[in-house]
Amino acid sequence: MTTTPRAGAAPLRILAISGSLRARSSNTSLLRLAVDVAPDDVQIALYDGLASLPHFNPDDDVDAPPTPVLDLRTRVGEADGLLICSPEYAHGVPGSPKNALDWLVASVELPNKPVALLNASPWATHAQASLIETLTVMSTRVVSDVTIPVARGDVGADGTIESAEIRRALRDTLDAFAREIRALRSTAAT
Ligand SMILES: Cc1cc2nc3c(=O)[nH]c(=O)nc-3n(C[C@H](O)[C@H](O)[C@H](O)COP(=O)(O)O)c2cc1C
């Protein structure tokens, strides 16, 4: 189903979450590029609070959770969709992005949220499958799972990616994600 945005419709707000804390991260570079190549009707903001989140403890998941957790939940709640790109460590999802998801398990902001998964490595299949399982059981709508290989050589010294092929693949993925979000909305409205 193709849904074109209404003229003058507000842009879709996407929160991009990288699963890597590494300064020269290929996953973060891919999401930074997503900010640049996003279609006109899509605004992408990169979440930068992953390293500030405390370790998840259900005892602290109370009415007034720690400030970084509140910030994460607010940003997720305000987003029309999430774009997640994570590396794989030891055939699993790295601890820091899993920690962020654990803080969102009992939140009201996440259920039904459209999610697009990017994978910067064709070998990272275990973590991707695990992310899909976790996000599905958390009642999100995982609408796409796209692998766009990013080799170390694709990332410049300043963290930028110049490859026209990667830019095109990413732009196509974002176009499709925006269409999916609008289609889900129009289905929900009928
Ligand atoms: C501790 C550690 C474990 C890793 N385990 C895997 C793995 O199981 N499978 C895989 O495909 N890559 C694995 N890698 C490679 C990383 O996924 C790869 O370096 C990736 O580019 C890191 O993402 P980043 O560039 O965004 O930091 C591992 C890397 C590290 C540091």
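Throughout, residue positions are numbered sequentially from 1 according to the sequence presented. Whatever order the structure lists ligands and atoms in, that order sets their numbers, starting from 1. Side chains are part of it too, since the values below use all heavy atoms of this structure and drop only hydrogens, waters and symmetry mates.
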Enter the distance from Asp60:CG to His55:NE2 here, rounded to the nearest 0.5 Å.
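With rounding to 0.5 Å, CG (Asp60) is 12.0 Å from NE2 (His55).
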Among all protein heavy atoms, pick out the one at the shortest distance from [atom]; state its residue, atom name and that distance to 0.1 Å.
{"atom": "atom 21 (O) of ligand 1", "result": "Ser26 OG, 3.5 Å"}
{"atom": "atom 31 (C) of ligand 1", "result": "Tyr89 CE2, 4.0 Å"}
{"atom": "atom 7 (C) of ligand 1", "result": "Glu88 OE2, 3.5 Å"}
{"atom": "atom 5 (N) of ligand 1", "result": "Ala90 N, 2.9 Å"}

As a check for students: among Arg22, His91, Gln128, Arg152, identify the option with a heavy atom nearest to atom 8 (O) of ligand 1.
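Nearest heavy atom to atom 8 (O) of ligand 1 lies in His91.
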Decide whether an N or O pair under 3.5 Å exists between Ser121 and ligand 1.
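In fact, backbone or side chain, Ser121 has no N or O that close.
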Short N or O distance, Asn27 and ligand 1, threshold 3.5 Å exclusive:
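So ligand 1 has an N or O lying under 3.5 Å from an N or O of Asn27.
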Closest contact, heavy atoms only, [X] versus [Y]:
{"X": "Pro54", "Y": "Val69", "answer": "CD-CG2, 4.1 Å"}
{"X": "Ala127", "Y": "Glu88", "answer": "N-OE1, 2.8 Å"}
{"X": "Leu170", "Y": "Ala34", "answer": "CD2-N, 3.5 Å"}
{"X": "Pro149", "Y": "Ile166", "answer": "O-CD1, 3.7 Å"}

Just to be sure I read this right, does ligand 1 sit under 4.0 Å from the backbone of Ser20, its side chain, both, or neither, counting only heavy atoms?
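Near ligand 1, Ser20 shows its side chain, while the N, CA, C and O stay back.
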If the cut-off is 4.0 Å to any non-hydrogen atom of Pro87, which atoms of ligand 1 fall inside it?
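Atoms satisfying the 4.0 Å criterion: 17 (O), 22 (C), 23 (O).
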At a 4.0 Å threshold, what atoms of ligand 1 neighbour a non-hydrogen atom of Ser25?
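Counting from 1, the qualifying ligand atoms are 24 (P), 25 (O), 26 (O), 27 (O).
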Got a sec: does the CG of Asp158 have more than 12 other heavy atoms crowding it under 6.0 Å?
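Count over threshold, so yes.
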The criterion is side-chain contact (heavy atoms from CB on, under 4.5 Å); which residues satisfy it with Arg75, sequence neighbours excluded?
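Listed in chain order: Leu15, Ala45, Tyr47, Asp48, Asp71.
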Among Leu118, Val155, Leu83, Asp154, which one satisfies side-chain contact (heavy atoms from CB on, under 4.5 Å) with Leu30?
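Exactly one candidate clears the test, Leu118.
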Atom 18 (C) of ligand 1: any protein heavy atom closer than 4.0 Å:
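Within 4.0 Å of atom 18 (C) of ligand 1, no protein heavy atoms are found.
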